[in-house]
Amino acid sequence: MVPKSVLKEISPCVWEIPDSYRNDMRVPARVYASERMLGQIVRDRSLEQLVNVATLPGIVNHALAMPDVHEGYGFPVGGVAAFDYDEGIISPGGIGYDINCGVRLLRSSLVKDEVRTRMAEIGKAIRIDVPSGVGKGGMLSLKGKQIDAVLEGGAKRMLELGYALEADIDHIESGGRLDAADAASVSDHAKARGHDQLGTMGAGNHFVEVEYVSAIYDETEAERMGLFRNQVCVMIHTGSRGLGHQVATDYIRLMNGSLGKFGFALPDRELACAPFRSPEGQSYWKAMSAAANFAWANRQLITWEIREAWKRVFGSDENLELLYDVAHNIAKIETHTVGGVRKKLVVHRKGATRAFPGQPVLIPGSMGTGSYVLCGREAAMQKSFGSSCHGAGRTMSRTRARKETNAETLLCQLSAQGIIVEAGSKAGLTEEAPAAYKDVDEVVAVIDDCGIAKKVARLKPLAVIKG
DNA sequence: ATGTCC
């Protein structure tokens, strides 16, 4: 464990672990957090994991942790690490098992008071149209070349198939498609797991939520994003399902086997990686891009399903427009200024959101607490490779949350707040108890205060549909 | 997160 005394506050809410802390660190580590939050952060292994990340070949500037950081597989969740394109590595653990887990926000033209009495109905309709649960299949069953077209075309393939509007594509990070994707780098096993999973939610922290705009912090940005007070919106949180999980599994195994060849001695085997330019690194990059495209296609088909449900309940004139869609678990090739020089980097975001200047940043809180819309600021480029936090962040393991939460009590608490809950399983519900998460208001305040992204609007839940 | 252990 990294003791709190090692961390020095170098500016408000920015804490540094110097590279002298351990002799294998190549760069310092930095944490964005309030002092109170730092007290929570030092209680798990996330900072030790962050120090481990700082030892990886080709890392530039700092290994970064956002205020929602917590322990993950090898790399902490809520972490950002950028590696030199030519000299650096790519690591599946730095992206996560759920490749391109992410969030998308749809806005309606309805206001809260018009829909209050219809929430049970829309909750059930979404629950029926968007299948959820571990291993669950959906409305499409893709075969052979059909799945390859989705892996290489992402959300744009869904447009060709009639499940997207032209305008949707312009409001997705990277246009909902990474060009590097190559279906041939994805195993048949991964394709088999994913072939019927488009348009499905999954389980764990994945959800669909009907929310309303409860506060506006920046009128100009809110107007630009088409948001207004009491407006009803829909948030979708899911990823690449079994397909992405299998891609991660396949390449962690492959890269563990090639560590010796590259002469890598890692402080933790969970950091399995390969030089980005190596055959292993390139294969994973192409497969990760394909899985990311699959996730964008998934959120797109879910959008189509929700639009159908929405029209059934609220009438055919009612539509849902895509505000934005962001990835939370992904690596990207980006150019950033490092030491005054423009450099091509492989930016790993694991439980972190891209937050380029002017870009909408979507941050869901824990179940029942609602979400934030922020807007990326110029300073993010220097402070965090244009990245923000991605959510509230866990303070309790799934097991502990399940042990300490009573499902009935939790349901009562949510319904007392007027929130409709459609839950797939009681175990799944208790794992996501708000008590198992940090306070999203506090997490977002750090991001706002340190100038990474500014608060635009807050949304509160009306109906929660969970896996 | 995940056909929650090949």
d(A:Ser91 OG, A:Leu56 CG) to nearest 0.5 Å is 6.5 Å
So which heavy atom on A:Asp448 is nearest to which on A:Lys455, and how close? OD1-N, 2.8 Å
Under a 4.5 Å cut-off applied to non-hydrogen side-chain atoms, are A:Cys233 and A:Leu227 in contact? yes
For DNA chain B, which residues of residues 194-203 of chain A approach it to below 4.0 angstrom with any heavy atom? A:Gln197, A:Gly202, A:Ala203
A:Tyr324 vs A:Met225 side-chain heavy atoms within contact, under 4.5 Å: no
Applying side-chain contact (heavy atoms from CB on, under 4.5 Å) to A:Glu321 and not counting sequence neighbours gives A:Arg107
Nearest whole Å is fine: how far is B:dT4 C1' from A:Gln246 CD? 14 Å
Once you round it to whole Å, what is the distance between C1' of B:dC5 and CD1 of A:Ile252? 16 Å
Using atom OH of A:Tyr73 as one end and atom C1' of B:dT2 as the other, report the distance to the nearest whole Å. 13 Å
d(NE2, A:His206; C1', B:dT4) in whole Å: 14 Å
Starting at NE2 of A:His245 and ending at P of B:dC5, how long is that distance when rounded to a whole Å? 9 Å
What nucleic acid atoms does A:His237 come within less than 4.0 Å of, heavy atoms only: base, sugar-phosphate, or nothing? nothing
Between NZ of A:Lys136 and C1' of B:dT4 the distance, given in whole Å, is 17 Å
If I take atom CZ in residue A:Arg253 and atom P in nucleotide B:dC5, what distance separates them, rounded to the nearest angstrom? 14 Å
Do the non-hydrogen side-chain atoms of A:Val60 and A:Val27 ever get within less than 4.5 Å of each other? no
